[in-house]
Amino acid sequence: MRKLNVSRRMLDAVRRFGFKQWFLLVLNVALVLGAAGCALGLRSVSNTLEALRGADQFRGGSDTRFAQLACYLPVDGGKTEEDMLSFRRTLDSKLEEQALKAPEGGSLYIDAYYGAESVSVSSGSSGSTTVKAVGVGGDFFYFHPYRLRSGSYISADDLMDDLVVLDEEMAWKLFGGVELAGMTVFINNQPFVVAGVISREEDFASARAYTGDGGVFMSFSAMHGLIEDASITGYEIIMPDPITNFAKGILEDSFPIGEGDVVENSSRYTLGHLLEVIRSFGLRSMRTNGVIYPYWENAARLTEDYAALLLLLAALLALYPALFVLVLAIRQIRRTYRLAKVRIPEKVEAVVEKRKEERLERQFEKKNGGE
């Protein structure tokens, strides 16, 4: 019965709506729906890039928190594979100092590094073409899980150093197909064996960021054999982060990057980081430290910008309805206060009068009974 009365009151209130009330109701509903749409868009954009979700995958069922970080070095400040080995030894030592132990048969971290150089590529039966080859080390394809069209990836465990991976566009350009495992390709006139063919990411951010016309992936040691001054300009790692900024602090202290950048990929879409993106919007596009980002970092920064804009729009759209509800609540509280200010004394006075009457009646009854 009580619910029925409440429903009737609400229906009566709606029937009494004028143009102003209807306008405000429709406006606030539209703004709330817009804010919800922006929030859903933010969630979608945050899940666009599979390459940024490596920390959760590596963590598995562990209770330890992990962070995924990337270092981007200036063009003239690259590193060597000896630098990588030295850093790994330092990292192992620091993790032991913190009493962090790897699970049996596993590892506390996984990492990869890479550098890019222009090379000439041909299939032997056609003319050569100049492309940007990426020399990789460590578990590069764990961080960048391109979809295999045929064959396999290359890894640090390969016994041979003459394996390469072609992307789909390069495979079609050189051989007119993608089933190429075991085929020979010539890079700077040196023969290499095709291990596999991959297709690049199809998300909107990567499609905009990647502007190449086909590419080649080879081991960094093989690239260094072809181009003596090749250097490592990027490093990625997933490692324990038991407290905030623990992993980033170790990386910054033990892996000197000069004017380079350190990015924590696992926290790119947190509220705090997106607020930093909003504050530095515009300035982010200015590069003065000699770092040339790979396309996957440019794609990540594009999604960050979209996520920050969607967060800002969601907040702005939700602001008016929130203020509207706040104003209504304040008015209701004031109305209730005024009503209580009048009703409470009346009720108190009524109770006092009733008790007074009851007391007089008892006295009267007692007096009449005594007579």
Is the [X]-[Y] ring centre distance short of 6.0 angstrom?
| X | Y | result |
| --- | --- | --- |
| Tyr114 | Trp296 | yes |
| Tyr293 | Tyr72 | yes |
| Phe217 | Tyr153 | no |

Does the side-chain contact (heavy atoms from CB on, under 4.5 Å) test come out yes or no for Leu180 and Val185, once each step is laid out?
-> CA-CA 10 Å; Leu180 307 180; Val185 65; over 6 Å; no
Please report the closest heavy-atom contact between [X] and [Y], naming both atoms and the distance.
| X | Y | result |
| --- | --- | --- |
| Ala181 | Ala195 | CB-O, 4.0 Å |
| Leu31 | Leu317 | CB-O, 3.5 Å |
| Ser266 | Gln68 | OG-N, 3.1 Å |

When you measure from the side chain of [X] to the backbone N and O of [Y], does any donor-acceptor pair fall under 3.5 Å?
| X | Y | result |
| --- | --- | --- |
| Arg149 | Ser199 | no |
| Ser254 | Ile250 | yes |
| Asn188 | Leu226 | no |
| Asn245 | Lys248 | no |
| Asp158 | Ser155 | yes |
| Arg59 | Thr64 | yes |
| Arg53 | Asn47 | yes |
| Thr48 | Ser44 | yes |
| Ser46 | Leu42 | yes |
| Asp167 | Ile198 | no |

Looking only at side chains, do Ser86 and Asp83 share a donor and an acceptor under 3.5 Å apart?
->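 Ser86 vs Asp83: no donor-acceptor pair found between side chains.
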Members other than Phe58 in its cluster, when Ile, Leu, Val, Met, Phe, Trp, Tyr link by side-chain heavy atoms under 4.5 Å?
->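 Members other than Phe58 - counting any ILVMFWY side chain reachable under 4.5 Å - are Phe66, Ile110, Tyr142, Phe143, Ile238.
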Going by the side-chain hydrogen bond (donor to acceptor under 3.5 Å, both in side chains) test, which pairs reach into residues 298-314, not counting sequence neighbours?
->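 Non-adjacent pairs meeting side-chain hydrogen bond (donor to acceptor under 3.5 Å, both in side chains): Arg208-Tyr306, Arg268-Glu304, Tyr269-Thr303, His273-Glu304, Arg284-Glu304, Arg284-Asp305.
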Pairwise side-chain hydrogen bond (donor to acceptor under 3.5 Å, both in side chains) hits with a residue in residues 218-238, at least two apart =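 The answer is Asp111-Tyr235, His144-Glu236, Asp161-Ser219, Asp161-Ser221, Ser219-Ser221.
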State, with a plain yes or no, whether a side-chain heavy atom of [X] is found less than 4.5 Å away from one of [Y].
| X | Y | answer |
| --- | --- | --- |
| Phe87 | Glu82 | no |
| Ile292 | Val75 | yes |
| Thr184 | Val194 | no |
| Met223 | Glu117 | yes |
| Leu91 | Ile237 | yes |
| Tyr109 | Arg88 | yes |
| Met218 | Leu163 | no |
| Asp203 | Leu49 | yes |

Lys79 charged N/C atom sitting above Phe255 aromatic ring, 6.0 Å / 45° |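 Ring-cation test returns yes.
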